[in-house]
Amino acid sequence: MSDLPFTLDQLRILKAIAAEGSFKRAADSLYVSQPAVSLQVQNLERQLDVPLFDRGGRRAQLTEAGHLLLSYGEKILSLCQETCRAIEDLQNLQGGTLIIGASQTTGTYLLPRMIGMFRQKYPDVAVQLHVHSTRRTAWSVANGQVDLAIIGGEIPGELVESLEIVPYAEDELALIIPVVHPFTRLETIQREDLYKLQFIALDSQSTIRKVIDQVLSRCDIDTRRFKIEMELNSIEAIKNAVQSGLGAAFVSTSAIAKELQMGVLHRAPIEGVIVKRMLRLVFNPNRYRSKAAEAFSQEILPQFATPGWNLEVLKTSHKPIMVSAMDLGAHNSDDD
């Protein structure tokens, strides 16, 4: 180890500077002084004999060598964290951490219920829920930053070969309308009736909106004919708008259970149409799977799964830790 030209602390400092954009903010985030951060960077550059930052601008910008070291450094730090978690597992679920990823809808409405059940059984395990876009979540699973994830969007094509992607549960999309709408008196409405409604939808560039449009299209519903009254940036805002009488919307049934029970929204069935999408479980078979992740997979996941889902794929033994070329291509896209 003494022959290496860098230390783990130096890699942590490099990562912090890249994330914060300045030496001062990086020092604050690490609870050390700015001179200490500057000295470590100077020592690192001297040991590697390359500049890691362009110092001309106001923001700390990595050089090409800096980007390369950061890319490998993040993987090294990730494996160090994975090692610590594997050692924690020796305590047999009397501690440790479970990190779960989710896309927006599953992370808001499904995962909190699952995590609540898990915490009742294993109160000593710390659980983290990371809710991001499907793309960013998939990359986090690929890089070992997340143990497993439940997502509703499309997995990036470049990750399909390196991840285990398992159909997990069907998520039904329901048409909701205000309780004062005339359609509430009908047992079912027809497809053509949809084009008479005023709709409230998510932003047209959001992943969830695109998924909903694709699912509706497969049910022979032409969303291009919808009269979009307004676009909002969250499911909660859409539900409140429908409740206020501003229009109709398609949302996941998991998001409206409370409102239907309270009678503040009306679900309008469509004649001969059931709109569903498939949620998928995603994990990296080449990463260490903690005992906490195993317990969550075996004891909690089956309770929310569609009957007949493939539980056997989760019963494989731990595979050796591997760092592939795919790990080095990760990026953090924030598309929603």
Working for side-chain contact (heavy atoms from CB on, under 4.5 Å), residues Q303 and M117: CA-CA 10 Å; Q303 300 188 48; M117 294 176 63; 2.8 Å; yes

Is there side-chain contact between [X] and [Y], with heavy atoms separated by less than 4.5 Å?
X	Y	answer
L279	L110	yes
L163	V141	yes
L69	V50	no
R12	C80	no
S162	L159	yes
V131	Q104	yes
F283	V166	yes
I13	F23	no

With a 4.5 Å cut-off on side-chain heavy-atom distances among I, L, V, M, F, W and Y, is there a chain of contacts connecting [X] to [Y]?
X	Y	value
L8	L14	yes
M278	V282	no
V251	V179	no
Y109	L260	yes

If every non-hydrogen atom of [X] is compared with every non-hydrogen atom of [Y], which pair is closest and at what distance?
X	Y	result
A249	I238	CB-CG2, 3.5 Å
I189	L186	CG2-CD1, 4.0 Å
G107	P112	O-CD, 3.3 Å
P178	T184	O-CG2, 3.4 Å
K75	S71	CG-O, 3.3 Å
S103	G152	OG-N, 3.2 Å

Working to the nearest 0.5 Å, report the span between [atom1] of [X] and [atom2] of [Y].
X	Y	atom1	atom2	answer
D147	E294	CG	CD	10.0 Å
I256	Q243	CD1	CD	12.0 Å
L52	L44	CG	CG	5.0 Å
D171	T106	CG	OG1	8.5 Å
I150	M114	CD1	CE	4.0 Å
I177	L265	CD1	CG	10.0 Å

Salt bridge (Lys or Arg N to Asp or Glu O under 4.0 Å) partners of [range], not counting sequence neighbours, each pair once:
range	value
residues 21-42	K24-D28
residues 239-252	E236-K239, K239-E259
residues 33-51	E45-R55
residues 103-129	K121-E299

[X] side-chain N/O to [Y] backbone N/O, donor-acceptor pair under 3.5 Å:
X	Y	value
S29	E20	no
D54	T63	no
S244	L246	no
T134	I151	no
T306	E170	yes
T223	D213	no
R280	I165	no

Worked verdict on D220 versus V273 for side-chain contact (heavy atoms from CB on, under 4.5 Å): CA-CA 9 Å; D220 294 324; V273 175; over 6 Å; no

K258 vs V264, side-chain contact (heavy atoms from CB on, under 4.5 Å): CA-CA, chis, key distance, verdict: CA-CA 9 Å; K258 180 177 66 176; V264 296; over 6 Å; no

Steps toward side-chain contact (heavy atoms from CB on, under 4.5 Å) verdict (L202, I235): CA-CA 8 Å; L202 290 165; I235 302 295; 3.9 Å; yes

Stepwise salt bridge (Lys or Arg N to Asp or Glu O under 4.0 Å) check, R287 with E164: CA-CA 11 Å; R287 289 283 184 172; E164 194 76 47; over 6 Å; no

Between side-chain atoms of residues 32-42 and protein atoms elsewhere (two or more places apart, or another chain), which donor-acceptor pairs fall under 3.5 Å?
unit_1	atom_1	unit_2	atom_2	d
S33	OG	A36	N	3.2
S38	OG	Q34	O	3.2
Q40	OE1	Q10	NE2	3.2

Sidechain N-carboxylate O distance under 4.0 Å for E192, R225: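 So E192 pairs with R225 through a salt bridge.
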
Taking distance alone, no hydrogens or angles, what donor-acceptor pairs closer than 3.5 Å link side-chain atoms of residues 194-201 to residues at least two apart or in another chain?
unit_1	atom_1	unit_2	atom_2	d
Y195	OH	D222	N	3.0
K196	NZ	D193	OD1	3.3
Q198	NE2	E229	OE1	3.1

Salt bridge (Lys or Arg N to Asp or Glu O under 4.0 Å) partners for E172, two or more places apart: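 Residues passing salt bridge (Lys or Arg N to Asp or Glu O under 4.0 Å) with E172: R267.
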
Which residues share a salt bridge (Lys or Arg N to Asp or Glu O under 4.0 Å) with E187, sequence neighbours left out: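 By the salt bridge (Lys or Arg N to Asp or Glu O under 4.0 Å) rule, E187 matches no residue at all.
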
Any residue meeting ring pair (Phe, Tyr, Trp, His ring centres under 6.0 Å) with F118, in chain and number order, not counting sequence neighbours: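 Listed in chain order: Y122, F296.
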
Partner residues of F304 under the ring pair (Phe, Tyr, Trp, His ring centres under 6.0 Å) criterion, sequence neighbours left out: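 With neighbours one apart ignored, the set is empty.
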
Residues that V215 engages under side chain to side chain contact (heavy atoms under 4.5 Å, CB included), provided they are two or more places apart: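 Residues passing side chain to side chain contact (heavy atoms under 4.5 Å, CB included) with V215: L173, V211, R218, V275, R277.
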
Which residues share a side chain to side chain contact (heavy atoms under 4.5 Å, CB included) with Q128, sequence neighbours left out: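 So Q128 forms a side chain to side chain contact (heavy atoms under 4.5 Å, CB included) with T97, I99, H130.
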
